[in-house]
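Only one structure is covered here, and it is reproduced in the block below.
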Amino acid sequence: MTALEHIGLPFEYRLIRMMTGEHKSPDYLAINPKGKVPALEVDNEVLTENVAILTYLSRRYPEAGLLPTADDEMTATRQLADLCYCSATLHPIVTRIKRPNFFAETEDARQQVRKLAIEAMRPNFDLIENRLSAGSWWYGEQWSVVDAYIYWVWFRSTDAQFPRDEYANLNDFAERMGEQNAIKKMLARESAAERQLREEGLI
Ligand SMILES: N[C@@H](CCC(=O)N[C@@H](CS)C(=O)NCC(=O)O)C(=O)O
């Protein structure tokens with residue numbers, strides 16, 4: 001969503017109520033048979049998987065600067081690796097921190113899932129904290145959609161009990177991100193979605 005806000009083209013956003021299992025409903029499975037969010041419909045075609053969606057948007061809208069210009073295969077492939085790191089390593093840990101109920105039935109077991117996921121996240125935030133000591137963003141002074149993904153990982157984790165205090169660079173980074181228009185718009189959509197879910201009695 002942040003990438004779309006950053007590109008600045010109009011788009012329609014559909015709220016998927018995961019707490020009611022809407023992502024596994026026949027309606028949603030017709031869009032993404034894997035039952036995962038996000039899915040992006042563009043020109044009557046559906047794209048799934050964050051890495052694919054972000055790569056597509058970056059290539060289709062190069063003027064938006066979602067990724068730094070890559071002049072050689074190695075640089076382009078390393079950027080792909082960075083997106084895969086967010087999607088394949090960080091994202092599943094966030095899901096366990098934020099939604100332990102997907103993985104365990106009792107309250108005790110859910111607490112245990114969250115605790116283990118928080119421990120699994122620490123070395124990753126250590127790595128990112130260290131990288132941010134060399135510059136404002138993942139790629140030094142050039143913002144990219146990798147930063148948007150890391151920001152999502154950070155705010156979802158810290159909202160769900162990950163202790164934020166040990167990470168000065170990440171806290172500063174989050175503050176810088178929070179000043180961006182695309183992030184403000186994304187957070188406004190998140191708040192509206194939260195209000196809607198509250199009105200529906202789902203949270
Ligand atoms: N590999 C997918 C994973 C996306 C993902 O795990 N999304 C979460 C929501 S943030 C989800 O749909 N969870 C539902 C589930 O795992 O059943 C991607 O990168 O797009």
Side-chain angles (χ1 to χ4, degrees), residues 1-7 11-42 45-61 66-67 76-105 109-110 112-114 116-118 120-121 124-125 128 138 144-162 174 177 182-183 185-194 196-197 200 202-203:
M1 195 153 67
T2 306
L4 290 172
E5 296 288 9
H6 197 81
I7 292 166
F11 66 93
E12 203 179 303
Y13 162 74
R14 179 173 153 194
L15 175 62
I16 303 298
R17 293 157 182 80
M18 287 207 277
M19 58 288 284
T20 65
E22 191 179 346
H23 56 307
K24 308 290 181 199
S25 69
D27 255 15
Y28 188 74
L29 291 177
I31 298 168
N32 182 0
K34 291 172 279 188
K36 298 273 184 184
V37 177
L40 175 70
E41 191 179 330
V42 54
E45 301 274 357
V46 175
L47 267 179
T48 62
E49 300 296 329
N50 275 300
V51 175
I53 291 171
L54 296 173
T55 304
Y56 171 82
L57 291 174
S58 162
R59 288 182 187 159
R60 176 147 177 190
Y61 302 102
L66 295 181
L67 287 168
T77 308
R78 285 211 171 111
Q79 290 176 355
L80 190 58
D82 293 336
L83 288 175
C84 288
Y85 174 57
C86 294
S87 160
T89 300
L90 302 178
H91 198 138
I93 305 177
V94 176
T95 308
R96 283 155 181 79
I97 295 176
K98 178 78 183 169
R99 299 190 190 282
N101 52 308
F102 283 1
F103 304 95
E105 284 180 355
R110 287 173 183 171
Q112 181 72 357
V113 167
R114 173 173 282 141
L116 291 171
I118 285 176
M121 187 60 93
N124 292 290
F125 281 153
I128 298 166
W138 180 259
S144 75
V145 81
V146 175
D147 297 299
Y149 211 150
I150 290 172
Y151 178 72
W152 177 86
V153 168
W154 175 252
F155 86 73
R156 277 274 187 272
S157 301
T158 50
D159 266 9
Q161 299 178 24
F162 186 95
M177 286 293 294
I183 295 290
K185 287 184 187 164
M186 181 275 287
L187 291 175
R189 279 182 199 268
E190 287 256 327
S191 301
E194 236 179 87
Q196 168 92 29
L197 294 174
E200 293 174 15
L202 292 175
I203 53 173

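We count ligands from 1, going down the list as the structure has it; atoms in each ligand are counted the same way.
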ask   = Hey, which residues fall under 4.0 Å of ligand 1 on heavy atoms?
value =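 Only Met18, His23, Lys24, Lys36, Val37, Pro38, Glu49, Asn50, Ser87, His91, Phe102, Trp152 have heavy atoms that fall under 4.0 Å of ligand 1, ordered by chain and number.
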
query = According to the ring-ring contact (aromatic ring centres under 6.0 Å, His included) rule, which pairs have a member within residues 16-42, sequence neighbours left out?
reply = His23-Phe102

inquiry  = Around atom NZ of Lys185, are there more than 12 heavy atoms from other residues, nucleotides or ligands closer than 6.0 Å?
reply    =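 Incorrect, the count does not exceed 12.
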
key: Arg14, CZ atom: more than 12 neighbouring heavy atoms under 6.0 Å   =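 For Arg14, atom CZ is crowded (more than 12 foreign heavy atoms under 6.0 Å).
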
request  = Compute whether any side-chain donor of one residue and acceptor of the other, for Asn124 and Tyr85, lie under 3.5 angstrom apart.
outcome  =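 Yes.
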
task = Please tell me if the side chains of Met1 and Leu4 come closer than 4.5 Å, counting only heavy atoms from C-beta onward.
result = no

query = Using 30° and 60° as the class limits, which term best fits the ring planes of Phe162 and Phe125: parallel, tilted or perpendicular?
reply = perpendicular

